[in-house]
Protein chains: 2
Amino acid sequence: MPAKPRHAQMDCSPGCPVEATLSLIGGKWKGLVLYHLMDGTLRFNELRRRLPNVTQRMLTNQLRELEADGLISRTIFAQVPPRVDYALTERGRSLRTVILALKEWGEEHAAA
Amino acid sequence: MPAKPRHAQMDCSPGCPVEATLSLIGGKWKGLVLYHLMDGTLRFNELRRRLPNVTQRMLTNQLRELEADGLISRTIFAQVPPRVDYALTERGRSLRTVILALKEWGEEHAAA
DNA sequence: ATCGACGGTATCCTTTTCGACACTATGTGC
DNA sequence: GCACATAGTGTCGAAAAGGATACCGTCGAT
């Protein structure tokens, strides 16, 4: 399983929670995914359209990891054509302030 | 140069600033370094002692990247033994709210 | 009969990241 | 003469992350 042993060993002491949080949202496109899901539930291809530079495989990966971390939920409808909805969980929603802080800082300090 | 082409192409549109910010603080130990420097200026080995799991080479790398991004300053004193001080720049200090948001979320949602 | 939409997998390959380890220079204290 | 502290640098290699491409099954519309 190619999960994220990124900061797996949380033996870092004081500032550790900082890294713990980063390890959850630090994946290459996770910030973006979470940001878009803050608008509400989206289907797989709706996300794809919003993130044109992400390959299908990467998007699937990131979504799976976010799901494994309990930040988003994945709801499958037994239909044809298939339909899968992605939405923030309660835990994911609690990241709102963090994501917004990142966004605001980025907007104000766009420096070259 | 092995810098951070991480989110180099900032062609992501709406949530882009989120990724932009993450690309600056998303390095493996950058969050920690910034967090500790919020306490005030630190010398190289003082940082090392606070981050026991970081190899010297990695610490140097992260510091160099943070400096290149204008988040920290590096002051060399022509002494022997050598002395180098690291401190947050104005720009680095402006990250305070972001770092604290990360830390607080991490503390509250430590979940297994 | 073929095409497209949907939500993926599977496979392969390249790039990036990270860690281990060794090595450097200089001056001081023993 | 030796070790120690300081703040690094260099090289190597493993592992992880990321990207490209091709493929799958089903249904409705053409």
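Excluded from the calculations below are hydrogen atoms, water molecules and symmetry mates; all remaining heavy atoms, backbone and side chain alike, are included.
One interatomic measurement links the two molecules: CD of Q62(B) to P of dC18(C), which rounds to 6 Å at whole-angstrom precision. Distance CZ (R57(B)) to P (dT11(D)): 11 Å, rounded to an integer number of Å. Summarising the geometry, the separation between CZ on R64(B) and P on dG8(D) is reported as 5 Å, rounded to the nearest angstrom. Here the C1' atom of nucleotide dG8(D) and the CG atom of D85(B) are 15 Å apart, to the nearest Å. Put simply, CZ on R74(B) is 13 Å from C1' on dT6(D), counting in whole angstrom units. Atom P of nucleotide dA20(C) and atom CD of Q56(B) are separated by 13 Å, given to the nearest angstrom. Rounded to an integer number of Å, the gap from L59(A) CG to dG18(D) C1' is 14 Å. The distance between atom CE of M58(A) and atom P of dA16(D), rounded to the nearest whole Å, is 15 Å.
When distances run from any side-chain atom of P81(B) to the nucleotides dC18(C), dT6(D), dA20(C), the shortest one goes to dT6(D). With dC6(C), dT6(D), dG8(D) as the candidates, the nucleotide lying closest to the side chain of V84(B) is dG8(D). Looking at the side chain of V80(B), the nearest of the listed nucleotides dT26(C), dG19(D), dA7(D) is dT26(C). Distance from the side chain of Y86(A) is smallest for dG8(C) among the nucleotides dG8(C), dT6(D), dG25(D). When distances are taken from the side chain of F44(A) to each of dA10(C), dG7(C), dC18(C), the shortest belongs to dG7(C). Of the candidates dG8(D), dG19(C), dA20(D), dG19(C) carries the atom nearest the K28(B) side chain, counting heavy atoms from C-beta on.
A salt bridge is absent between E46(A) and R49(A); no separation between the charged side-chain nitrogens and carboxylate oxygens falls under 4.0 Å.
For the pair W29(A) and dG19(D), the criterion of a side-chain N or O lying under 4.0 Å from OP1 or OP2 is met. Put simply, R43(B) has no side-chain N or O that comes within less than 4.0 Å of OP1 or OP2 on dT6(D).
Pairing each heavy atom of K30(A) with each of L66(A), the nearest pair is CD-CD2, 3.7 Å. Taking each heavy atom of K28(A) and E19(B) in turn, the nearest pair found is O-OE1, 2.6 Å.
Side-chain atoms of R91(B) come within 3.5 Å of backbone atoms of H109(A) as a donor-acceptor pair (strictly under, hydrogens ignored).
Looking only at side-chain heavy atoms (C-beta outward), V54(A) and V33(A) stay at 4.5 Å or farther from each other.
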